[in-house]
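Shown next, in structure tokens, is the structure this report addresses.
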Amino acid sequence: MTVSSPMRIAFNSISRRQWAGGYNYQRNLFAALARFRPGEFAPVVFAGKKSDESELADLAAIPGVEIVRAEAFDGQPELPAAIALGLAQRAAASFRAAGIDAVVESARFFGWRLPIPAVAWIPDLQHRSLPHLFPRAARWRREFGFRMQIGSSRTIMLSSESALRDFKVCYPRARNKVCVVRFATQPPAALLNTDPAEVIATYGLPQSYFYLPNQFYRHKNHQLVVDALAILKQRGADVVVCASGSTDDPREPGYYERVSAQLKERGLAANFRHVGTIPLSHVYALLRAATALVNPSRFEGWSTTVEEAKSFGVPMILSDIDVHREQTAGRARYVGVDDPAALADHLMQASQQASGLVVRGIIPGHDDSVSAFAASFAATMRRAVQGDAGKLAAG
């Protein structure tokens, strides 16, 4: 009996501090493959010499994951060559040396002459839906990158049917293979040993609070929560929202400081508590004990925070956008992205229905969702590799 070798898939590293959703996506994907497709795939993460050691260590702890460090992955020094000459030579050499069978490009482009099958993960098309939130150079850089991937006949991997609809509208002439891979989270058991009551006490939170674990980007729409809390304050209601996540948005420096100043001016500092970038074990602890998850975002590709809330059965108050409806199939409270009064009503109702500290665990049957995620990704990669082999045979 012949035992086939695992497909070795290259991933470029994603900084959790710069893009928590992307980092968590990779971590969840690797864990899902290790658990439900053991021996079929070997994720190889290519990181720069300056990449965060602790972030890489967390990934390397997942069975089957390998880490390769090379200077070619510090930033994108070979992007001009990848565009003009068709190949990021040092990156390609690293792939060859590691025996890579396929590459997943995430906010990277390794060239239209890359001699290895490549899948371009496009989590969303936010720059087309909300162009005013991007500096012109950043918007066109992102658009140019996507068009290079599309023009290079990459297999395109999207995270939702909503993103697929956007893709068809934005790139109607694209003839690429396009696959929708909806991800599901698998919270590591080791990160669920932290006592939520201790974490709540650490951050000085009341037993009843709402959790908003989104980075401070304008499209995440923290402003809606601020306005809703102001309405509740006028009603005499004492509601607390705990927010976590990075405050650094390179597209709009100073945004967090402006929101913080507004909270102080409106007397809401005690109602909106920002605890910064915190350990994942604390994120899960706060989520498991929250009265509800709040995600008021104006745009999502496929929300990591919503998936994490679903895995624990946490009630959700979400912005009424297509992808949130798709993710939750109607099992949430929804509010318009510009309707703070409706959000205030939902916060009030959920707060009144809360009954002390409740700590939730993984819901029964959640494994089915994670298994489906792993199977969908596996099918996408095999399809991409087989299709590329067919092109070479035809040529």
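These figures come from a predicted structure and were not determined experimentally. Side-chain atoms are counted along with the backbone in the values below, which use heavy atoms only and exclude waters and symmetry mates.
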Can you see which heavy atom on D101 is nearest to which on P6, and at what distance? OD2-O, 3.8 Å

Could you check whether any side-chain heavy atom of D166 comes within less than 4.5 Å of a side-chain heavy atom of V169, counting everything from C-beta outward? no

Would you please classify the geometry between the F11 ring and the F377 ring as parallel, tilted or perpendicular, with 30° and 60° separating the classes? parallel

Given side-chain contact (heavy atoms from CB on, under 4.5 Å), test Y211 with V314 step by step and report yes or no. CA-CA 10 Å; Y211 190 32; V314 178; over 6 Å; no

Shortest non-hydrogen contact from T277 to G245? OG1-C, 3.6 Å

Considering all heavy atoms of both residues, which atom of G254 and which atom of E257 are nearest to each other, and what is their separation? CA-OE1, 3.1 Å

Would the distance check show the side chain of S376 and the main-chain N or O of F373 forming a donor-acceptor pair, the cut-off being under 3.5 Å? no

Pairing of R258 and E252 as salt bridge, 4.0 angstrom limit: yes

Heavy atoms only: give me the nearest S297-V337 pair and the separation to one decimal. O-CG1, 3.9 Å

Establish, from distance only, whether the side-chain atoms of Y334 and T328 form a donor-acceptor pair under 3.5 Å. yes

What's the verdict on salt bridge (charged side-chain N to carboxylate O under 4.0 Å, His left out) for R182 and E161, showing C-alpha distance, side-chain angles and the deciding distance? CA-CA 9 Å; R182 299 183 184 88; E161 291 293 336; 3.5 Å; yes

Same cluster or not: L114 versus I83, using hydrophobic residues (I, L, V, M, F, W, Y) connected whenever any side-chain heavy atoms lie under 4.5 Å apart? no

Plane angle bin for F134 and H127 - parallel if under 30°, tilted between 30 and 60°, otherwise perpendicular: perpendicular

Run the numbers on F46 and R69 for side-chain contact (heavy atoms from CB on, under 4.5 Å), then give the verdict. CA-CA 6 Å; F46 287 80; R69 283 181 175 269; over 6 Å; no

Let me know which of L318, N295, I321 forms a side chain to side chain contact (heavy atoms under 4.5 Å, CB included) with S303. N295

Step by step, work out the salt bridge (charged side-chain N to carboxylate O under 4.0 Å, His left out) result for K220 and E300. CA-CA 9 Å; K220 293 297 186 180; E300 294 284 344; 2.8 Å; yes

Is it the case that S153 and W112 place a side-chain donor and acceptor less than 3.5 Å from each other? no

In terms of ring plane angle, is the pair H274 and F216 parallel, tilted or perpendicular, where the classes change at 30° and 60°? perpendicular

Under-4.0 Å salt bridge between D238 and K233: no

Do F109 and S152 come close enough that some side-chain heavy atom pair is under 4.5 Å? yes

So, does Q215 use its side chain to make a donor-acceptor pair with the main chain of R17 at under 3.5 Å? yes

R235, CZ atom: more than 12 neighbouring heavy atoms under 6.0 Å: yes

Working to the nearest 0.5 Å, report the span between CG of D124 and CZ of F299. 4.5 Å

Between E307 and W302, is any side-chain donor less than 3.5 angstrom from a side-chain acceptor? yes

On a heavy-atom basis, which atom in G336 and which in D320 lie closest, and how many Å separate them? N-CB, 4.4 Å

Pairwise distance CG(L263) to NE2(H222) - rounded to 0.5 angstrom: 10.5 Å

On the 0 to 90° scale, with breaks at 30° and 60°, tag the H219-Y217 ring pair as parallel, tilted or perpendicular. tilted

Listed partners of R382 passing side chain to side chain contact (heavy atoms under 4.5 Å, CB included), at least two apart: M7, E40, F41, Q386

Following the transitive rule for hydrophobic clusters with a side-chain heavy-atom cut-off under 4.5 Å over Ile, Leu, Val, Met, Phe, Trp and Tyr, establish whether I317 and V240 coincide in one cluster. no

Pairing residues for R8 by the salt bridge (charged side-chain N to carboxylate O under 4.0 Å, His left out) criterion, not counting sequence neighbours: E66

As an exercise, state the distance from CG of L232 to CE of M348, rounded to the nearest 0.5 Å. 5.5 Å

Answer whether the closest heavy-atom distance between the side chains of S13 and L56 falls below 4.5 Å. yes

Cluster check L268, V294: I/L/V/M/F/W/Y, side chain < 4.5 angstrom: yes

Hey, are the side chains of V199 and T194 touching, using non-hydrogen atoms and a 4.5 Å cut-off? yes

Between CG on residue L158 and SG on residue C179, distance to nearest 0.5 Å: 8.5 Å

Please examine the side chains of H282 and V275, heavy atoms only from C-beta on, and report whether any two atoms are closer than 4.5 Å. no

Taking the six-membered ring of F146, is the NZ or CZ of R128 close enough (under 6.0 Å from the centre) and on axis enough (within 45°)? no

Can you find a pair of side-chain heavy atoms, one from V44 and one from I100, that are under 4.5 Å apart? yes

If two hydrophobic side chains count as joined below 4.5 Å and joins carry through other members, does V65 share a cluster with V370? no

Rounded to the nearest 0.5 angstrom, the CD1-OG distance for I278 and S244 is 4.5 Å

Decide yes or no for T185 and P187: does some side-chain heavy atom of the first lie under 4.5 Å from some side-chain heavy atom of the second? yes

Would you say the side chains of D248 and S246 form a donor-acceptor pair under 3.5 Å? no

Could you walk me through whether L192 and I362 pass the side-chain contact (heavy atoms from CB on, under 4.5 Å) test, one step at a time? CA-CA 10 Å; L192 304 184; I362 299 293; 4.2 Å; yes

Row check, Y203 ring normal vs R273 NZ/CZ: under 6.0 Å, within 45°: no

Quick check against the 3.5 Å criterion: does S260 have a side-chain atom that pairs as donor or acceptor with the backbone of Y256? yes

Between F167 and V323, is there shared hydrophobic-cluster membership here, with clusters defined by ILVMFWY side-chain heavy atoms closer than 4.5 Å? no

Walk me through it: do D367 and R35 pass the test salt bridge (charged side-chain N to carboxylate O under 4.0 Å, His left out)? CA-CA 10 Å; D367 283 358; R35 184 176 181 189; 2.6 Å; yes

From the options K264, E265, R266, select the one residue that forms a side-chain hydrogen bond (donor to acceptor under 3.5 Å, both in side chains) with Q262. R266

Hey, are D345 and R333 close enough for a salt bridge, meaning a charged N less than 4.0 Å from a carboxylate O? no

For R154 and A120, the nearest pair of non-hydrogen atoms, with its separation, is CB-CB, 4.1 Å

Any ion pair linking E78 and R108 (charged N to carboxylate O, less than 4.0 Å)? no

With no hydrogens and no angle check, just 3.5 Å: does a side-chain donor-acceptor pair link Q149 and E105? yes

Hey, are the side chains of L212 and P296 touching, using non-hydrogen atoms and a 4.5 Å cut-off? yes

State, without any angle test, whether D227 and Q223 hold a side-chain donor-acceptor pair at a distance under 3.5 Å. yes

Distance, nearest 0.5 Å, that separates CD1 of I14 from CH2 of W121: 5.5 Å

Where do Y23 and L59 land on the side-chain contact (heavy atoms from CB on, under 4.5 Å) test, with the steps shown first? CA-CA 9 Å; Y23 176 84; L59 298 179; 4.0 Å; yes

